[in-house]
Amino acid sequence: AKQQNRQGRVIVFFVINPDGQMGELKIIKGSRFPSLNQAALAAVRSSSPFPVPPASLFAGPLRLKLTVVFEMI
């Protein structure tokens with residue numbers, strides 16, 4: 001993406017299960033570049049497993065939205 005000067009934002013939805021494993025993962029709003037969309041998904045996948053969420057604060061799975069920004073600076 002950097003070599004091709006591609007920029008954009010990708011909003012992903014994902015679930016962290018009580019054991020820290022990733023559940024559902026999907027793009028809510030993609031960029032116009034499929035390579036950026038795939039990179040955003042790969043970034044979340046590579047972060048799994050996540051730390052176990054404290055049961056005293058979260059009952060059940062955590063449902064999260066994340067905006068991944070790709071921009072040249």
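A quick note: this is a predicted structure, and the numbers were derived from the prediction, not measured.
Applying the side-chain contact (heavy atoms from CB on, under 4.5 Å) rule to Phe58 yields the partners Pro53, Pro54, Leu62; only residues at least two apart in sequence or on another chain are considered.
Pairs engaging residues 56-73 under the salt bridge (Lys or Arg N to Asp or Glu O under 4.0 Å) rule: none recorded [sequence neighbours left out].
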Which atom pairs, one a donor and one an acceptor, fall under 3.5 Å between side chains of residues 9-30 and the rest of the protein, sequence neighbours left out?
| from | atom 1 | to | atom 2 | distance (Å) |
| --- | --- | --- | --- | --- |
| Asp19 | OD1 | Gln21 | N | 2.9 |

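Both Leu64 and Leu41 sit in one connected hydrophobic cluster of ILVMFWY residues. Membership requires side-chain heavy atoms under 4.5 Å apart, directly or through other members. Following chains of ILVMFWY side-chain contacts shorter than 4.5 Å, one can reach Leu66 starting from Leu36, so the two form part of one hydrophobic cluster.
Side-chain atoms of Ser48 never come within 3.5 Å of backbone atoms of Val44 as a donor-acceptor pair (strictly under, hydrogens ignored).
Within the model, atoms CZ of Phe70 and CD of Gln7 stand 11.5 Å from one another, a figure rounded to the nearest 0.5 Å.
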